[in-house]
Structure formats: structure tokens, C-alpha cells
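We number each residue from 1, following the sequence as shown.
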Amino acid sequence: MILIAGPCVIESRESVMRIAEALKRYDEDASIDFYFKASFDKANRTSLESYRGPGLEEGMRIFEEVKARFGYKTLTDVHESAQVPTVAETVDVLQIPAFLCRQTDLLVAAARTDCIVNIKKGQFMVPADMEYSVLKVLKTRGYDRADYETSKKAGVWLTERGTTFGYGNLVVDMRSLPIMRRFAPVIFDATHSVQMPGQGGKTGGDSSFVPYLSRAAAAAGVDGFFFETHFDPSVALSDGPNMIRLDDLQRLLGQIRAIREIVEE
């Protein structure tokens, strides 16, 4: 099982190292393919005053320290094609944000690296149409069709993170998971799926629904899970309302594993 976990954004070097230390047990678990996640720049914050992160240069220094100290594989977002070469020298997975999942130049730039490319499904996208985003990466890498095995071999993932439902809310249609799995391995982003956009100049959320959606996704069948985590989400500088406490992650993963074992029987 793929597990992507870490803070929403790099708040400080010290906070990143503390969270990375707390996640060590998952990297040591042979049944988990673990990736440490954090953003060096949250370029799509609602307000100009919102905290974005330390930026590219300092962010990559922190990722290098995480890799040197813990040996983790790492994942981060890229928002512009110009960022890709620098970021690809440090991290293992380039994540394409949901709002940018159709941006051809960004997808092609990511595809030209040796990194895994994780494409988040846009909140506005039909799941079946994610085939074309996958194909942009695959064709750049020399493949001519999008199917699960080809994408797995080529290092392309898709991530579900909810669909716009009216104003200020998201919903997850579990049918999207098997639909997108026709084209690539699928990760379920449980924490962003409980976001509530447009809450007075910032994005809100309700993390109490994370366990329910995670268990449902495990039953539907996915290749991995994405959780943004924090020691105290109430003081997180980004996405606190939809993050889960590090103390709650182990129990939830135990439930997910139990469901997966039943489904796979």
C-alpha cells in the first residue's frame, strides 16, 4: 500500500523534522510504500495574506535534509514548468495540483524527468477525462495508451481529492476510483476531500469525515492513501480544518488494512 503523509506546507525546518520523525514507523513497515509529503509553496491560497511556505530554494534544502536524515522518498507540488527541473533533482514524486491537472506544459515538463508524476483530479473534472492528462505524461515518456499496467510501469499516478458540490463543499463519488484505475494507480486524498472552500477568505473543512471516506475508499479499492498530518491541526498554517492528528493516523491505517484484507480475499 502506498502511503503519502506529512504536513500541508513547510511551516519551519523544525516542524518538518518533528513530523518526519513521528512518521518513521510507517517507512519502517515493509507493507507500506511510504512517501513524505510537504509543500514548499502553496501557490493557490485563497488570500494574498495566507502563508505560502519558505519558497523553492529553502524548501529544497529542507527536503534534502529529510532525505539525508530519514532516507524517506519525498513528494511535493509543482505549480510552474520552470520549477520542475530544480525540484526533480531532490524529490521522488512531482505532484500536479488539482487546479492544474489539464496544464499541458506542466505535465510535459514533469514527464521529462525521472520522477513519478502524481496528477490530482481537478474538483471540476469528470473522472473518465483524467485519461487525457495521463496520456500527456505517457506519450511524453514514449507510451501510446493509458491503462493501469502501463502507468504503473511508467510512474504515473492519479489522485482523487473530491469534486465541487454546489458552493463551498466537495463530495467524493466512489465510482471515480475504479473509473480512474482503468488508466493508472489511484491514490485517495482523504484530507483534501473534506475541504470546504470559500469560508470567508480561506478554505475550511471537517476532518471528522476523514475516517469515513478513507474506509469507503479502502472498500472501493485504491492503491494508496494521502493524509496531511500535524501534531496540532488547530495551529497549522494551512489546511488545518481538514488535517488529521498524527496520533490518529495509526489507528485509521489499521482499519484501512483490515478492510483491504477483506476485499482482497
Side-chain angles (χ1 to χ4, degrees), residues 1-12 14-39 42 51 53 66 70 72-77 93 95 98 118 120 159-162 169-172 174 177 186-197 199 202-264:
M1 178 177 71
I2 297 167
L3 173 63
I4 301 166
C8 175
V9 64
I10 297 173
E11 298 180 357
S12 68
E14 292 72 23
S15 68
V16 165
M17 296 304 156
R18 184 183 176 205
I19 293 171
E21 177 70 36
L23 293 168
K24 193 172 181 179
R25 70 176 69 183
Y26 305 113
D27 188 59
E28 294 173 344
D29 187 331
S31 67
I32 291 176
D33 185 15
F34 177 71
Y35 296 81
F36 180 80
K37 180 270 169 189
S39 296
K42 298 294 291 185
Y51 177 75
V66 167
F70 300 101
Y72 293 162
K73 292 176 286 188
T74 54
L75 173 151
T76 197
D77 313 272
V93 183
Q95 183 163 273
N118 182 34
K120 285 198 166 186
T159 290
E160 170 62 77
R161 51 93 70 239
N169 208 353
L170 300 175
V171 66
V172 178
M174 291 295 164
L177 304 176
V186 169
I187 311 297
F188 180 62
D189 180 349
T191 45
H192 284 104
S193 291
V194 300
Q195 278 187 337
M196 300 175 71
Q199 303 295 306
K202 61 182 180 179
T203 295
D206 188 346
S207 62
S208 69
F209 289 107
V210 168
Y212 297 99
L213 291 179
S214 300
R215 294 191 292 260
V222 291
D223 299 271
F225 292 84
F226 179 115
F227 298 103
E228 288 190 335
T229 56
H230 201 282
F231 281 101
D232 183 1
S234 70
V235 299
L237 297 181
S238 177
D239 282 354
N242 51 268
M243 297 170 78
I244 62 170
R245 288 182 175 273
L246 281 159
D247 291 342
D248 296 331
L249 183 58
Q250 187 176 11
R251 180 172 181 270
L252 179 54
L253 286 176
Q255 295 172 347
I256 288 169
R257 282 173 159 169
I259 293 169
R260 284 168 60 93
E261 288 174 3
I262 293 171
V263 171
E264 292 169 1

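- Atom CD1 of I187 and atom CD1 of I4 lie 4.5 Å apart (nearest 0.5 Å).
- Using cut-offs of 30° and 60° on the angle between ring planes, the pair F188 and F225 is perpendicular.
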(Q) Working note: N242 + V210, criterion side chain to side chain contact (heavy atoms under 4.5 Å, CB included); need CA distance, chi angles, decisive distance, verdict. (A) CA-CA 8 Å; N242 51 268; V210 168; 5.7 Å; no

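- Screening R245, R161, K37 for a salt bridge (charged side-chain N to carboxylate O under 4.0 Å, His left out) with E228, the sole residue that qualifies is K37.
- Between L246 and A22 the shortest heavy-atom distance is CD1-CB, 4.0 Å.
- A pairwise comparison of heavy atoms in M174 and L213 identifies CE-O, 3.8 Å as the closest pair.
- A side-chain donor-acceptor contact under 3.5 Å links T76 to the backbone of A38.
- Atom-to-atom distance recorded for I32:CD1 and L253:CG is 5.5 Å, nearest 0.5 angstrom.
- In this structure, CZ in F34 is found 10.5 Å from CG in L75, a value given to the nearest 0.5 Å.
- A 4.5 Å side-chain heavy-atom check between S193 and L170 finds every atom pair outside the cut-off.
- Y26 places a side-chain N or O within 3.5 Å of a backbone atom of Q250 that can act as its donor or acceptor partner.
- Looking only at atom types and distance, the side chain of D189 has no donor-acceptor partner in the side chain of T159 under 3.5 Å away.
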Q) Under the side chain to side chain contact (heavy atoms under 4.5 Å, CB included) criterion, do D239 and T191 qualify, and how do the steps go? A) CA-CA 9 Å; D239 282 354; T191 45; over 6 Å; no

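- Rounded to the nearest 0.5 angstrom, E11 CD and L237 CG are separated by 4.0 Å.
- Taking CG of L249 as the start and CZ of R251 as the end, the distance is 12.5 Å to the nearest 0.5 Å.
- In terms of heavy-atom proximity, C8 sits nearest to S238 at SG-OG, 3.2 Å.
- Between F36 and D27 the shortest side-chain heavy-atom distance does not fall below 4.5 Å.
- V222 is not listed as a side-chain neighbour of M1, based on a closest heavy-atom distance of 4.5 Å or more.
- Between M243 and A236, the shortest heavy-atom distance links the atoms SD-CB, 3.7 Å.
- A distance of 13.0 Å separates NE2 of H230 from OG of S207, quoted to the nearest 0.5 Å.
- Here the side chains of D33 and K73 are in contact, with some heavy-atom distance below 4.5 Å.
- Within the 4.5 Å cutoff, the side chain of E160 has heavy atoms near those of the L177 side chain.
- Residues Y35 and I2 have side chains in contact (heavy-atom distance under 4.5 Å, counting atoms from C-beta outward).
- Residue F70 places its CZ atom among more than 12 non-hydrogen atoms of other residues, nucleotides or ligands, all under 6.0 Å distant.
- Annotation: cation-pi pair R18/F231 present, NZ/CZ under 6.0 Å from the ring centroid and within 45° of its normal.
- Summarising the local packing, CZ of R257 is surrounded by more than 12 heavy atoms from other residues, nucleotides or ligands at distances under 6.0 Å.
- Heavy-atom minimum distance, F227 versus S214: CE2-OG, 3.4 Å.
- What you find for Y72 and A20 is that their closest heavy atoms are OH-O, 2.7 Å.
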